[in-house]
Structure formats: C-alpha cells, structure tokens
Protein chains: 2
Amino acid sequence: MKNNNVFLEKLRSSGLILTKQRIEICKFLFDRKETFHFTINDLQSILRKRSNEKISLATIYNTVHTFKKKGFLKEILINSNSNSNSNYFDTNVSNHHHFFDESTNELIDLKDSDVGDIKIKKNITKKKIKSIEVLVRLAK
Amino acid sequence: MKNNNVFLEKLRSSGLILTKQRIEICKFLFDRKETFHFTINDLQSILRKRSNEKISLATIYNTVHTFKKKGFLKEILINSNSNSNSNYFDTNVSNHHHFFDESTNELIDLKDSDVGDIKIKKNITKKKIKSIEVLVRLAK
DNA sequence: AATTAGATTAGAATAATTCTAATATATTGA
DNA sequence: TCAATATATTAGAATTATTCTAATCTAATT
C-alpha cells in the first residue's frame, strides 16, 4: 500500500505495518495543523462517523497504545468532575502544559511561552527531574 | 461513641455518623503530622494489617469518597508507568504541587515555596482559573 | 430500651480495558 | 506475480476496578 502524504511518514518510518485501520486513524489524528486531544471513546465515535468501514474497538485500543509506544501520542490523565476521571490522548507529544476546561471537559494546549519558566527551588529527593507538567483548571 | 482525639473533630463536625469503620480509617489517615498519599488498594491492605476487624472493600470505597466529598481528602490522578494509571488520594486538600517518583510510584508533596509563583500570561479562553497544579516527575 | 435514619456488607452488576485465538492482510522474496 | 509468513484485526470472552443492591446492622435520638 503506497501513500505519499506527510502524516504517514511517521508510520512508515516506525517499522509498523501500514494497515487500512492504522492509516485511517493516522490520517484523522495527524493530518492537521493543530494538536488534537481525545479519549478512546471520542475516537471511536468519530471514526464511526467518518467512514463506513467499521474499526473494532480492540483495534482502536491497540492502535492508540501502539502509537503511544512509538511516541506519536501522549497520554494525559485528568480528574474530571466528581465522578468521572478520564484518559485523554494528545497528538502533541512534546513536554507542554494544559488548560482543562471543566465546563466542556476539554483539554487545551498552553503555549510554553504562556507559562513562565518553572524553577523547582528545592528537591529533597535528589533524583533527576524528568518533566514538569502544569495543569490549569478553568472553572465551570 | 465518645472520643476526644483531635483527628476526630472533623468527622464529628461534619455531621457524619461516627462508625467503627470511619473512626478506624480516620485514625489511620488523619492522626499524623505529615500528609499521606494512598490508593484504595494501599489503604485496604494497610487496614487489613492494622486490625483484625475486616472492613469491607465497599466500605473503604464509600468512606474514601465520603471523606472526599466532605473535603477531607483530595483525589489525584497520575500516569504511572506505561501500563498502570493510578488514582491517589491525598490528606493534604489544599491546593499544592507534587513530585511523582517514577521509581517508587510515590507521590510527594512539594512546598508551595519550592515552586515559584506561576503566572499564566495569556488565557485565550477568558474563563476563570480555578487552580494551577504542577506535577514534577522524577526519573526512574 | 425502642425507633429510625443512615452505614456496612457480600456479592451482583457495570464499565473500561485487555486477552484469546481464529481469521485476514501486508510485506517479502522467489 | 504469487506463495509464504509474520503481524494485525476482530468478536467476544476474561479481567479489573468500581459502583450498585438490598439485606442486615448500628449509632444517635427519643
């Protein structure tokens, strides 16, 4: 299966087999300028609407996790309100910060430049800092 | 049932009935100086070891969620490594920041003073900021 | 002590995710 | 091009975490 679209480059160069399903998901997730945030549930219903070839739920889970392992997606856990916690995935895999809008349950990227540099003044653990993540919650 | 310990004050003043189970859990969680972080699983096995009166898992869930609703506990979601995500609870309910030590899966409070003041420079959403949470991941 | 509102409990139900193993498909190399 | 084969997809079963149910039980109140 051949296809020269840019968004398939990562898939092609990853060593993964280019299947119909992966290409379909890849096309939806990565053929865009803005980053995209979604839950497995979101993705499933979007894919269902986009095409009449049904992709099984197991494949959606498999693909998302495969993409995550390959570094194409980043997982983000959010305390949504009171009763529902959610697993989001983000097409922006760089280290960056988020707004979480509690009125819409939407995750929004924050530009690094919109958050000042964060310095951790004291780290009693002496272990190496791997990342610093800021989550800004927006009121309902 | 009478008891004058300080850590029971919150329970007593909350309007909740003082049951054996709630007192037991309260005693363990709040009769200490340092804050404490735990998962439901942690709590269950700790309680099992502490006393030979078994508290049912349903009650542990109920109590933790009741305490959360009363504002005695705060829930914190963390992307633990690759496969396991975890729901932690924190006895420190104030707005504060955390280290997450990926080698031990331990959550550690960060003093506010150890993180500089965080200013969000641009908020395109115009919605009110409810909270700002920083998570510092410590490498394995 | 009797009443009763609310709590506890075991086990059933549910929901989210992963597993299984049968089938299908993409890639490779003749 | 066409087998061979390694890997992917799939439906549905299994698992896991959590919540629900409805039968007791118990703390607080009279």
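Within every chain, numbering begins at 1; the chains are lettered A, B, ... in the order of the sequence lines, protein sequences first and strands thereafter. The basis for the numbers below is simple: all heavy atoms, side chains too, and nothing from hydrogens, waters or symmetry mates.
With sequence neighbours excluded, no residue satisfies side chain to side chain donor-acceptor pair (under 3.5 Å) with T91(B). Listed by chain and number, the residues in a ring-ring contact (aromatic ring centres under 6.0 Å, His included) with F72(B) are F67(B) (sequence neighbours excluded). Residues satisfying the salt bridge (charged side-chain N to carboxylate O under 4.0 Å, His left out) test with R32(B), not counting sequence neighbours, are none. Taking D90(A) as the reference, nothing meets the salt bridge (charged side-chain N to carboxylate O under 4.0 Å, His left out) condition, with sequence neighbours excluded. For A58(A), the side-chain contact (heavy atoms from CB on, under 4.5 Å) test picks out S56(A), with sequence neighbours left out. In this structure, N62(B) has no side chain to side chain donor-acceptor pair (under 3.5 Å) partners at least two apart in sequence or on a different chain.
In the displayed structure, K121(B) atom NZ is contacted under 6.0 Å by more than 12 heavy atoms of other residues, nucleotides or ligands.
As a member of the Ile/Leu/Val/Met/Phe/Trp/Tyr network built from side-chain separations under 4.5 Å, L77(A) groups with L77(B). Side-chain contacts under 4.5 Å among hydrophobic residues (ILVMFWY), followed directly or transitively, place L138(A) together with F99(A), I108(A), L110(A), V115(A), I118(A), I120(A), I129(A), I132(A), V134(A), V136(A), F99(B), I108(B), L110(B), V115(B), I118(B), I120(B), I129(B), I132(B), V134(B), V136(B), L138(B).
Nearest-nucleotide positions on DNA chain C place T59(B) closer to the 5' end than the other of A58(A) and T59(B).
Of the candidates dA7(C), dA10(C), dA26(C), dA7(C) carries the atom nearest the T19(B) side chain, counting heavy atoms from C-beta on. Distance from the side chain of L18(A) is smallest for dT27(C) among the nucleotides dT27(C), dC20(D), dT8(C).
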Could you run down the sub-3.5 Å N/O contacts of the protein with nucleotides 15-18 of chain D?
{"residue": "dT18(D)", "atom": "OP2", "partner": "Y61(B)", "partner atom": "OH", "Å": "2.4"}
{"residue": "dT18(D)", "atom": "O5'", "partner": "Y61(B)", "partner atom": "OH", "Å": "3.1"}

TODO: Sugar-phosphate atoms are those with a prime plus P, OP1 and OP2; base atoms are the rest. Using that split, label each nucleotide of nucleotides 1-7 of chain D B, S or - for protein heavy atoms under 4.0 Å, 5' to 3'.
DONE: ------S
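When the local axes at the two ends of the helix from dA1(C)-dT30(D) to dA30(C)-dT1(D) are compared, using 5 base pairs at each end, they differ in direction by 30° after rounding to 10°.
Put simply, CG on N62(B) is 17 Å from P on dG11(C), counting in whole angstrom units. Whole-Å rounding puts the I23(A) CD1 to dT9(D) C1' distance at 14 Å. Spacing between atom CD1 of I60(B) and atom P of dG11(C) amounts to 16 Å, rounded to whole angstrom units.
By the rule that hydrophobic residues join a cluster once side-chain heavy atoms approach within less than 4.5 Å of another member, L73(B) and L18(B) end up as members of one cluster.
Between the side chains of H37(A) and N92(A), no donor-acceptor pair of N or O atoms lies under 3.5 Å.
Applying the 4.0 Å criterion to OP1 and OP2 of dT10(D), one finds that Q21(A) has a side-chain N or O inside that range.
DNA chain D lies under 4.0 Å from no heavy atom of any residue of residues 42-56 of chain B.
Here T66(A) contributes atom OG1 and Y61(A) contributes atom OH; the two are 14.0 Å apart, rounded to the nearest 0.5 Å.
Side-chain N or O atoms of R137(A) include none that pairs as donor or acceptor with a backbone N or O of E102(A) at under 3.5 Å.
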